[in-house]
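Let me begin by presenting the structure, written as structure tokens, before commenting on it.
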Amino acid sequence: MALLRITSPHTQRAGHRTAWVMQMVILATIPGIIVQSWLFGWGTLINLVIACITALASEAAILAIRRRAVGFFLKDYSALLTAVLLGVALPPIVPWWVTVTAVGFAIIFAKQLYGGLGNNPFNPAMVGYAIVLVSFPVPMSQWLGVQDIIASGNTLSFMQSLQAIFHHLPAVDAYTMATPLDGFKHKDLLDSQTAFSTIPALQAASLNSWLWVNLAYLAGGLALLWLRIITWHTPVALLAALFVMATVFHLIDPNNTATPLFHLTTGAAMFGAFFIATDPVSSCTSNRGKLIYGAGIAILIYIIRSWGGYPDGVAFGVLLMNFAAPLIDYYTQPRTYGHKKAKTGLKIGEDN
Amino acid sequence: MQTATIFSFHGGIHPPENKAQSLQLPLGKPSLPRELILPLGQHIGQSSRPLVKVGDSVLKGETIAINNGFLSSFLHAPTSGTVSAIEERLIAHPSGLSDLCIVIKPDGQDTWTTLAPLYDWQENSRTDVLAYLSEMGIVGMGGAGFPTQVKLQGAHKNPLTHFIINAAECEPYITADDMLIREKTLELVLGIEILQHLVEADNVVIGIEDNKPTAIAALKALITQRKSKIQLAVVPTKYPSGGEKQLIQLLTGKEVPSGQYPADIGILCQNVGTCVAVHDSIYLGKPLISRFTTLTGDALNAPQNVEVLLGTPVAHLLDYADSAADKLHRLVMGGPMMGYTLDSAAVPIVKTSNCILAASKKELPAPAPEQACIRCGMCEQACPASLLPQQLLWFSKSQEHEKAEHHNLFDCIECGACSYVCPSSIPLVQYYRHSKSSIREARESNVKADLAKQRFEARKARQDAEAAEKEAKRLARQKAAPSKSAGDKKAAPAKVAPTAAPISDDTKKLKVDIAIGKSKLKKLQKQLLEAQEAEHVEDINALQLHVSEQEKNVASLEEQLAKTAPAATPAQAPAAAKAPVSDELKKAKIDVALIGVKLKKVQKQLEATPDDQELKDKVASFEADLSKAQAALSALGASTPAAAAPKAAISDDLKKLKIDAAIAKAAVKKVEKALKKAEEIQAPEIDAIRQQLQEAQKRADDLEKALLNPVSTAAQPTAKTNETATNLDADAAKKRKIDLAIAKAGIKKAEKNIALLKEQGKDEAEIKASEWPQKLIEAQNKLAALEKEQETAAPITTAPTVSPAAPADADAAKKRKIDLAIAKAGIKKAEKNITLLKEQGKDEAEIKASEWPQKLADAQDKLATLEKEQGANSDTATVKSAKPEPKQVEAKAESIATPEADVATQVKKQKIAAAMAKAQINKLTKRLESAPEDAEYIQQEIEATRQKQQDAEALLAQLTHSQDNT
Ligand code: SF4
Ligand code: SF4
């Protein structure tokens with residue numbers, strides 16, 4: 001009778017492994033992917049495939065170099081999740097090498113070079129995104145428009161999409177259009193009302209398309225909440241802070257700012273709130289920390305959107321708050337049982 | 001029946017309960033095993049001390065081991081039979097350790113010893129009931145096995161608001177408490193009533209999880225039927241609601257402050273098993289020899305609860321429950337969340353074993369490979385202590401112990417909830433255990449490093465001093481012109497000179513010894529405290545030993561000192577004889593205090609409702625009780641001095657001994673507390689403990705003082721001084737001591753200078769011409785005067801019961817002693833000078849020509865005459881080292897001293913002699929170290945002195961004996 005000597009606890013919750021967590025997050029992006037593909041054509045799906053292949057290949061390569069068990073780590077789905085998040089975040093017809101660069105950078109530099117899963121201080125997907133955003137600004141600003149308002153009056157076909165991504169599609173200009181955020185950013189001296197009535201990207205059809213995309217991601221996010229994979233703190237703090245910022249500034253200066261609803265339903269607001277900011281590895285740990293972290297991202301998003309050089313600010317907002325996360329963690333420890341108040345900072349030797 | 005409000009706690013998990021399996025069958029009673037193995041350490045604290053030897057036959061319920069100190073417990077034979085071995089056996093321990101066990105071979109008769117129930121527990125004093133429980137071997141049966149009487153005593157620290165009975169049993173699989181409640185509902189309630197009588201809490205609450213409907217119904221019915229005040233709090237099923245801290249939070253909404261105990265916030269927790277054991281011992285007289293244990297797991301074909309005798313090997317139970325050996329994969333003692341695996345089924349059931357989980361491979365599969373922490377926060381959501389497990393993991397992995405501590409690592413109760421939910425299968429609790437132990441180790445080594453540093457610094461200082469001395473001597477020799485090749489040898493006596501200072505007053509030396517001993521003691525106590533802080537068990541034990549040794553030393557020195565002071569009557573009142581009286585006195589005092597408190601409480605109530613006849617009656621009865629208790633107390637108080645009167649011996653050393661004892665006790669308590677803490681909570685908040693400990697110690701001291709005060713104040717009218725006077729005198733004494741030290745230093749300096757002059761080859765005349773001899777004599781005179789003063793003061797400070805005749809006698813004695821000392825110093829000086837001359841290479845003739853041999857002879861003559869005189873006077877002529885005694889003093893002594901006083905003086909003298917001889921030996925030993933070339937001579941001298949000392953001590957013993965008889 002060879003008895004096992006193991007310390008307690010001897011049992012574990014069945015089924016809820018890390019791979020399961022990752023799979024669930026990937027599955028939760030499906031409504032968003034469907035809506036995006038329906039509105040903007042095949043590009044997103046092709047991007048996803050490219051991204052996934054790149055991610056798995058680069059992860060496997062690095063793991064092999066680091067002499068880790070390739071199969072074991074690939075099966076945790078974390079590389080795939082990064083790929084999926086990047087795939088849906090990039091514009092649908094971005095050239096393939098942009099996607100490959102972004103994903104490769106995310107996996108190799110932002111994740112594996114820091115020690116692999118769990119050790120990366122920055123959100124890998126957003127690092128990859130930011131790298132291509134600053135390196136290839138032109139392809140990164142080419143979004144497609146919904147069929148109703150673009151010149152060609154149609155979405156790209158599968159072949160066209162392939163052509164646009166892998167080669168060159170001369171007629172692509174007939175399909176592209178600025179995103180609402182982009183449009184609003186470049187309204188120049190127009191006041192808000194005129195902008196919304198004149199700029200094509202700010203017409204109802206365009207706004208609605210983005211509303212749908214955001215609603216789809218909201219649905220996916222709610223599913224994650226329901227599965228208890230994420231807690232409500234980060235998304236709620238993020239959306240609430242974005243709402244408050246937008247409201248305050250809209251009340252102060254209605255002529256040059258957009259409505260809170262506009263901010264919450266365009267760009268990557270919902271996607272960022274539920275899928276990017278909640279990346280557990282690089283965000284805050286305690287509940288109070290998550291509130292601060294989410295709110296901080298929202299404030300940065302609003303600042304970048306309104307006064308920064310880029311139409312959307314989710315990537316930079318998240319990355320900047322990643323910097324601050326460890327510090328926030330030190331100051332937002334929960335009050336431990338039996339202590340009168342929570343400890344803050346890192347004063348060694350102080351007690352309460 | 002009242003229902004209690006239920007609060008909630010953070011986190012918690014809902015693992016599959018798996019409780020139904022073991023509730024299918026009724027309670028089982030396994031047969032007697034071939035042998036019963038009873039580990040001596042079944043509880044927290046010191047292991048019990050065996051009372052039986054191999055081969056003894058014991059009856060069921062007979063005490064086979066008794067407590068070994070305060071935090072310890074009794075052990076009883078679970079059945080009748082013979083003790084077949086007392087040896088190391090494997091015990092149930094997380095690390096598979098062995099421990100000393102008493103092994104009993106049952107005779108199959110199961111014959112009970114005579115049982116002595118405590119039916120009248122309500123009439124008995126609380127202390128008696130607690131002592132009874134301790135003798136019945138009752139310990140906490142929930143987990144840690146904390147001796148119940150100690151826990152109940154601790155509960156008196158603060159007024160208790162809640163007395164909580166823990167019936168939550170939140171661990172999966174375990175149903176022993178559930179079964180116990182069902183089977184022994186009445187016993188449980190009666191047991192709770194006894195405990196409530198002992199602790200008098202405002203609320204008595206049974207906390208039980210809602211997954212035990214049968215037990216809840218049974219309890220409800222009984223409580224309603226008995227119209228009991230006990231509340232039943234049904235809490236939602238959630239692991240770990242049965243953790244002490246969590247249950248307290250559930251039932252009271254309060255949290256036990258980190259590093260403290262429930263008693264600190266007025267809460268006491270007891271396990272249901274303990275309550276039933278209390279009932280069985282009080283009403284039936286049965287000691288704790290069996291318990292309910294769950295046998296469960298897929299590898300058993302007949303999982304069930306059993307009432308099992310302590311000491312039954314697990315293998316026997318597995319057989320009983322029909323285990324399938326091929327399926328057995330993991331054997332866990334305790335539940336799946338906090339239990340530990342057993343290597344072998346040979347280990348016995350002990351007082352705290354609540355479950356044996358024989359799991360198959362499918363049931364408790366080997367842990368999945370650990371993956372990286374993705375900081376998903378699921379652990380944090382589950383942690384009942386509101387910690388950040390993922391951060392703790394990070395700090396543990398990277399060995400950032402300070403950060404881990406800062407994140408309250410030591411508040412982790414190791415419940416395992418975080419590991420249970422972790423999607424990456426990280427064995428978080430293992431990491432925490434490892435970090436905790438490394439932190440403890442680091443603390444220990446810090447303490448060690450500090451000690452090493454101290455030692456190093458001390459050594460360096462000594463070496464520096466030695467080097468400086470050598471250098472000075474070298475310079476001196478250079479100046480003295482290197483005329484003689486024997487110059488090297490000179491170094492030795494010169495070095496010895498200061499240490500061999502001739503002015504040696506015995507009492508003074510004793511005092512110095514005591515002072516040194518005390519400072520050593522203080523240092524040791526400090527170290528001990530540090531060790532306790534560091535929760536370093538081995539150090540604590542070693543230091544504890546040192547401390548008690550040192551305490552003994554100091555006590556014996558003090559005794560000596562006290563005895564050197566003349567006491568009109570024998571001072572050796574045996575401390576033991578007094579102890580029981582003071583115990584009773586203490587008890588009486590406690591009674592008075594308790595009744596007083598109760599009275600006050602009732603009076604307060606009465607104020608609120610002045611018409612309540614019942615309350616008035618109560619007040620009256622309490623008042624009666626109070627006066628009764630007070631009468632008892634004063635009777636005891638009177639009897640204490642009365643008992644002591646014949647010997648008139650409430651002497652100071654006795655008192656000091658007592659205080660020492662109290663301090664020692666407190667120290668022990670401290671260690672135990674620290675230990676308990678280390679084991680139970682493992683929290684880092686040492687300051688809090690230290691505070692508590694100091695308070696406790698202070699209380700203990702106060703108690704002792706309170707005990708002693710009435711004794712000394714109520715003592716005979718001849719008792720001259722009491723505590724306060726002693727305190728006042730202490731200041732004066734201190735000042736005098738300082739003066740003495742200064743004078744002595746002056747003498748040393750003078751002597752050194754003289755020695756130096758001699759070394760430099762100056763002849764006697766020159767030396768005499770120099771100022772130093774003059775100074776030396778002056779200083780010696782001063783010293784003598786001071787010492788005299790000191791001596792007159794001594795009897796006051798050291799012997800408060802001196803009779804009026806004594807001081808005069810003491811004065812005489814002192815003077816005599818001083819004279820003796822001076823005479824002796826003269827001899828020594830002469831001897832030293834002779835040695836010096838010899839060393840300087842002078843031949844015999846030259847030495848003889850010098851004045852010293854003459855002087856020596858004179859002094860020796862004088863000494864001899866004095867000795868003879870003294871001998872004629874007091875039958876101690878055989879003592880070699882008896883000292884000369886000036887005539888007029890002797891006359892005076894004769895005129896005043898009673899025969900007893902005379903004996904006392906003798907005693908004192910012998911003590912002095914012994915002490916002096918001892919001091920001499922010390923000195924010589926020191927000299928031996930510094931001057932190895934003279935080894936032989938010094939050895940001889942040491943031998944001689946030792947002989948002297950032995951003689952003196954023998955005589956002393958004789959005298960003391962005769963003194964006792966008078
Ligand atoms: S549950 Fe496990 S993986 Fe998740 S944060 Fe805690 S330790 Fe990390
Ligand atoms: S084992 Fe410690 S850290 Fe983990 S849940 Fe329990 S108390 Fe919290």
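Chain naming here is simple, since letters A, B, ... match the order of the sequence lines and numbering starts at 1 in each. Computed from heavy atoms alone, side chains included, the values below leave out hydrogens, waters and symmetry copies.
- We find the SG-CZ distance between C422(B) and R17(A) to be 7.5 Å, quoted to the nearest 0.5 Å.
- For the pair P280(A) and C376(B), the tightest heavy-atom approach, listed with the atom from each and the gap, is CB-CA, 3.8 Å.
- When each of S424(B), C373(B), A368(B), G339(B) is scored by its heavy-atom pairs under 4.5 Å with chain A, the top score falls to G339(B).
- In this structure, the portions of V256(B) lying under 4.5 Å from any heavy atom of chain A include both its backbone and its side chain.
- Not one N or O on the side chain of Y337(A) forms a donor-acceptor pair closer than 3.5 Å with the backbone of H10(B).
- Contact record, T285(A) with E380(B): O-OE1, 2.7 Å, taken as the closest heavy-atom pair.
- Atom NZ of K361(B) has 12 or fewer heavy atoms from other residues, nucleotides or ligands within 6.0 Å.
- Taking the side chain as every heavy atom from C-beta outward, S258(B) and T336(A) never approach each other to under 4.5 Å.
- The environment of H434(B) atom NE2 is sparse: at most 12 non-hydrogen atoms of other residues, nucleotides or ligands sit within 6.0 angstrom.
- Atom NZ of K254(B) has more than 12 neighbouring heavy atoms from other residues, nucleotides or ligands inside a 6.0 Å radius.
- To the nearest 0.5 Å, atoms OG1 (T11(A)) and CG (L364(B)) are separated by 6.5 Å.
- Contact annotation for Q381(B): only side-chain heavy atoms (C-beta onward) come within less than 4.5 Å of a heavy atom of chain A.
- Proximity to chain A (any heavy atom under 4.5 Å) is shown, for P15(B), by neither the backbone nor the side chain.
- A 4.5 Å side-chain heavy-atom check between W20(A) and P423(B) finds every atom pair outside the cut-off.
- Between chain B and the options I229(A), T18(A), N287(A), heavy-atom pairs under 4.5 Å are most frequent for T18(A).
- Contacts of V421(B) with chain A are made by both backbone and side-chain atoms, with heavy-atom separations under 4.5 Å.
- For Y340(B), the OH atom is densely surrounded, since the number of other residues' heavy atoms within 6.0 Å is greater than 12.
- In this structure, the side chains of M378(B) and V21(A) come closer than 4.5 Å at one or more pairs of heavy atoms.
- Between H406(B) and Y330(A), the closest side-chain pair of non-hydrogen atoms is not below 4.5 Å.
- Atom CZ of R66(A) has more than 12 heavy atoms from other residues, nucleotides or ligands within 6.0 Å.
- Rounding to the nearest 0.5 Å places OH of Y173(B) at 11.5 Å from NE2 of H10(A).
- Environment of CZ in F9(B): crowded, with over 12 heavy atoms of neighbouring residues, nucleotides or ligands closer than 6.0 Å.
- With chain A as partner, the option from G377(B), G416(B), S386(B) having the largest number of non-hydrogen pairs under 4.5 angstrom is S386(B).
- For T231(A), the part lying near chain B is the side chain, with the backbone staying farther off; criterion is any non-hydrogen pair under 4.5 Å.
- R335(A) and E255(B) are joined by a salt bridge, as a carboxylate oxygen and a charged side-chain nitrogen come within less than 4.0 angstrom of each other.
- Put simply, the side chain of F72(A) reaches to within 4.5 Å of the side chain of Q371(B), judged on heavy atoms.
- Atoms OG and CD1, on S282(A) and I374(B) in that order, are 12.0 Å from each other to the nearest 0.5 Å.
- Between R13(A) atom CZ and S425(B) atom OG the span is 11.0 Å, to the nearest 0.5 Å.
- The pair R375(B)-D279(A) fails the salt-bridge criterion, with no side-chain N (NZ, NE, NH1 or NH2) lying under 4.0 Å from an Asp/Glu carboxylate O.
- Taken from CD in Q12(A) to OG in S419(B), the straight-line distance is 8.0 Å, to the nearest 0.5 Å.
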